[in-house]
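All values reported here derive from a predicted model rather than from experimental measurement.
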Amino acid sequence: MKINWTVRLKNKTFWLTAIPALLLLGSQILALFGVTWDYTPLAQQLSAICGTVFGLLALLGVVNDPTTTGVSDSTQALTYQQPKEK
């Protein structure tokens, strides 16, 4: 599996998905050791908003290509009639 981490780490969408996942992982690890993380109502609302946005994007079929800026496909990818073979 080859991943271009340099490009991926520069992509905003990558961070929008990675940060909530890391926070969830941290919360679960803390709970394992008996530490409870008291979420404030604001944090819960922000989490719900992020979940709704991600759900909406998934419903619309938006899949991010981390090798391009934003959520659009590259010019080359727009010319494909079928998925490109490796």
Engineer: Taking only residues two or more places apart in sequence or in another chain, which ones pass side-chain contact (heavy atoms from CB on, under 4.5 Å) with L16?
Structural biologist: F54

Engineer: According to side-chain contact (heavy atoms from CB on, under 4.5 Å), who are the partners of L9, at least two apart in sequence or on a separate chain?
Structural biologist: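 Scan of L9 (side-chain contact (heavy atoms from CB on, under 4.5 Å), adjacent residues dropped) gives F14, W15.
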
Engineer: Any donor-acceptor pair under 3.5 Å linking the side chain of S27 with the backbone of L23?
Structural biologist: no

Engineer: For L32, enumerate each residue passing the side-chain contact (heavy atoms from CB on, under 4.5 Å) test, keeping only those at least two apart in sequence or located in another chain.
Structural biologist: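 Scan of L32 (side-chain contact (heavy atoms from CB on, under 4.5 Å), adjacent residues dropped) gives none.
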
Engineer: Find the distance between CG (L22) and CD1 (I29) and round it off to the nearest 0.5 Å.
Structural biologist: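 Reported to 0.5 Å precision, the distance equals 9.5 Å.
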
